[in-house]
Visitor: 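Pasting a structure below so you can have a look.
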Amino acid sequence: MDRGNFGNRFTAIMAMAGSAIGLGNIWRFPYMVGQNGGAAFIIVYLFFALFICIPIFLSESVIGKRSQLSTFGAMEKYAPKGQWKWLGLLTVFTPLIIISYYSVVGGWSIEYLLKSLSFSFTDPQLSRDGHSAIFLDFVSSTWKPILLHTAFMGINAIIVMAGVKKGIEKFTKISTPILFLLVVLIMCYSLTLPGAKAGVIYMLKPDFSKLTGSAMLSAMGQAFFSLSLGVGCILTYASYLKKEESLLHISVLTSVFDLSFALIAGFAIMPAVFAAGIEPGAGPGLIFETLPFIFSTMGLSAPWLSNIVAILFFVTILFAALTSSVSMLETGVAYLVDEKKMSRPAAVGLLFAGCWTLGVFCSLSFSSLADFKILGNSLFDFCDKLTSNFLMSFGSLLFALFAGWKMKRSDVYDELTNGGTLRGSVKMFGVLYFLIRYIAPLAIILIFATNLIL
Ligand code: PFF
């Protein structure tokens with residue numbers, strides 16, 4: 001069966017960068033930088049991206065590109081006897097859990113895009129608490145968030161149903177560059193606001209005293225989430241690469257794009273937050289409660305301009321969320337198509353039904369199911385913590401160990417250097433292989449241990 005593949009290097013990188021760039025870059029990264037020591041955090045984050053994330057990215061992509069299969073099949077191919085494939089199968093569930101709650105937030109961004117299109121952020125009288133109340137009213141209502149979650153999942157299903165070339169490639173090769181353009185435009189606008197300087201200082205001033213052990217671990221966790229590692233997404237996308245592509249090239253470029261997007265998003269959001277005289281909030285609240293307030297107060301002098309920026313901003317969030325969520329759905333679909341020989345439409349339909357249902361419960365955890373707790377967390381928070389704190393680190397460890405210890409060294413060498421023909425990769429191979437075998441697994445075990453203890 002023709003699995004499809006990415007047409008060229010540009011489209012492959014746009015698809016991978018699209019998966020990496022998502023809600024994690026727009027709301028998580030900026031406030032983490034602020035809370036954990038500004039530039040000091042960025043330096044540590046860069047260090048982790050280089051020495052841990054790139055080796056894991058390479059491990060996943062070596063397994064995927066070599067096998068031309070998705071997670072379970074790839075592991076079965078190289079380790080038919082052991083337990084590896086079952087562990088691999090576990091990772092197939094991670095992106096499906098993530099998409100269920102991610103899609104709820106995707107639905108919220110559709111709501112806010114519609115609000116901005118109807119010029120709803122123009123009332124300068126409304127306080128920040130007023131905007132928070134509107135947000136809380138919306139998420140705690142029953143039907144509208146479910147309807148929008150359904151719409152968001154539906155868009156994903158349509159894109160993934162169309163296949164790798166006609167769906168994912170076509171969508172991400174247009175939307176990923178647009179995302180960059182939009183976020184740069186918003187940053188330019190933010191930086192010109194009076195009082196923006198405080199936001200820039202907030203992002204750039206290195207405060208090494210805040211760089212505690214837990215800040216370092218947050219940096220590592222954020223780096224995994226942001227690069228979509230440990231869930232088989234990169235593995236699956238790499239299985240659609242043409243043989244002549246350079247994995248080192250692709251992994252470095254994807255990481256650079258992801259990091260630059262996070263930094264630009266930080267410089268787009270923080271100056272606006274400070275210009276409006278607000279303490280930087282955390283999590284989804286920063287986007288959905290604080291920013292509408294900022295748009296309406298700034299609208300005093302030029303309401304049309306602030307409304308256009310609001311529209312651009314919520315389009316950016318929606319596109320960023322979509323390019324990530326299609327990669328999650330595709331990972332599950334690839335497994336069903338490769339291993340269970342399902343047709344693509346049947347696989348998409350089955351996963352749509354499962355993820356949609358879990359997502360409905362996640363959405364209801366803000367309303368009628370608010371009292372239903374798992375280990376003290378609402379279902380939404382539980383799914384988020386389970387995946388980002390545990391399952392992603394587990395998957396990353398598994399892939400690094402598999403490429404480093406289970407696959408033959410000669411196979412890894414062959415795939416990373418394209419049979420010794422890529423000079424740069426040949427030179428770097430010794431270092432990369434050492435990072436894959438020793439440094440990345442040890443670092444992940446450290447995160448695991450700390451997450452269990454804390
Ligand atoms: N990298 C995405 C973000 O930063 O929002 C999140 C993500 C995408 C996580 C794909 C997991 C995944 F499989």
Side-chain angles (χ1 to χ4, degrees), residues 14-33 45 48-49 53 56-57 60-61 64 70-71 88 90-106 108-109 152 156 159-160 168 172 175-176 179-180 183 218-239 251 254-266 283-284 286-287 316-335 351 355 383-396 398-399:
M14 288 303 108
M16 292 210 180
S19 168
I21 294 167
L23 296 171
N25 302 57
I26 301 182
W27 64 261
R28 232 165 154 218
F29 185 78
Y31 82 79
M32 280 200 154
V33 170
Y45 185 87
F48 288 147
C53 293
I56 293 168
F57 195 113
E60 272 201 47
S61 48
S70 52
T71 317
L90 256 184
T91 66
V92 174
F93 289 100
T94 316
L96 300 176
I97 301 174
I98 301 178
I99 196 176
S100 305
Y101 70 83
Y102 209 84
S103 167
V104 173
V105 184
W108 299 349
S109 51
F152 186 85
N156 276 282
I159 298 172
V160 174
I168 297 172
T172 51
S175 55
T176 308
L179 270 178
F180 262 96
V183 81
S218 310
M220 209 148 27
Q222 168 63 13
F224 282 164
F225 188 83
S226 192
L227 278 167
S228 315
L229 294 175
V231 293
C233 272
I234 299 301
L235 191 155
T236 305
Y237 272 13
S239 74
S251 68
T254 305
S255 312
V256 168
F257 283 144
D258 185 56
L259 184 75
S260 337
F261 191 93
L263 287 174
I264 299 171
L286 188 64
I287 297 176
T316 311
I317 292 178
L318 181 61
F319 270 35
L322 271 174
T323 52
S324 294
S325 53
V326 290
S327 71
M328 301 173 202
L329 188 58
E330 175 61 26
T331 306
V333 167
Y335 164 71
L351 296 183
C355 299
C383 289
D384 183 21
K385 282 191 187 155
L386 176 73
T387 48
S388 49
N389 288 354
F390 294 101
L391 295 177
M392 293 184 96
S393 335
F394 165 77
S396 300
L398 182 75
F399 294 133

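No hydrogens, no waters, no symmetry mates; every other heavy atom, side chains included, goes into these values. Read the numbers this way: they start at 1 and go in the same order the structure lists the ligands and their atoms.
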Visitor: Hey, which atoms in ligand 1 end up nearer than 4.0 Å to a heavy atom of Val231?
Guide: 12 (C), 13 (F)

Visitor: Which atoms of ligand 1 have any heavy atom of Met328 under 4.0 Å away?
Guide: 7 (C), 8 (C), 10 (C), 12 (C), 13 (F)

Visitor: Check the pair Thr94, Phe394 against side-chain contact (heavy atoms from CB on, under 4.5 Å), reporting the backbone distance first and the verdict last.
Guide: CA-CA 10 Å; Thr94 316; Phe394 165 77; over 6 Å; no

Visitor: Closer than 4.0 Å to some heavy atom of Ser226 - which atoms of ligand 1 meet that?
Guide: 1 (N), 4 (O)

Visitor: With rounding to the nearest 0.5 Å, note down the distance linking CD1 in Ile97 to CG in Leu391.
Guide: 5.5 Å

Visitor: Counting both backbone and side chain atoms, is some N or O of Phe225 under 3.5 Å from an N or O of ligand 1?
Guide: yes

Visitor: Using modelled atom types only, decide if a donor and an acceptor are shared between the side chain of Asn25 and the backbone of Ser226 within a distance under 3.5 Å.
Guide: no

Visitor: Would the Phe257 and Phe180 ring centres measure less than 6.0 Å apart?
Guide: yes

Visitor: Give me the nearest non-hydrogen protein atom to atom 5 (O) of ligand 1 as residue plus atom name, then the distance to 0.1 Å.
Guide: Tyr102 OH, 2.6 Å

Visitor: Indicate yes or no: does an N/O atom of Leu23 lie under 3.5 Å from an N/O atom of ligand 1?
Guide: yes

Visitor: Report the relative orientation of the aromatic rings in Phe225 and Tyr102; use parallel for angles under 30°, tilted for 30 to 60°, perpendicular for over 60°.
Guide: tilted

Visitor: Under 4.0 Å from any heavy atom of Met392, which atoms of ligand 1 are there?
Guide: 9 (C), 11 (C)

Visitor: Considering both backbone and side-chain atoms of Ser228, is one of its nitrogen or oxygen atoms within less than 3.5 Å of a nitrogen or oxygen in ligand 1?
Guide: yes

Visitor: What residue and atom, counting heavy atoms only, is the protein's closest point to atom 4 (O) of ligand 1, and at what distance?
Guide: Ala20 O, 3.0 Å

Visitor: Going by the atom numbers of ligand 1, which of them fall below 4.0 Å from some non-hydrogen atom of Ile98?
Guide: 11 (C)

Visitor: Could you tell me whether Gly24 and ligand 1 have an N or O pair separated by under 3.5 Å?
Guide: yes

Visitor: For ligand 1, which atoms, with element, lie under 4.0 Å from some heavy atom of Ser327?
Guide: 10 (C)

Visitor: Is a donor on one side and an acceptor on the other found under 3.5 Å between the side chain of Gln222 and the backbone of Gly24?
Guide: yes

Visitor: Would you mind running through ligand 1 and noting each atom that sits below 4.0 Å from a heavy atom of Ser324?
Guide: 2 (C), 8 (C)

Visitor: Verify the distance criterion only: is there a donor paired with an acceptor across the side chains of Tyr237 and Ser228 at less than 3.5 Å?
Guide: no

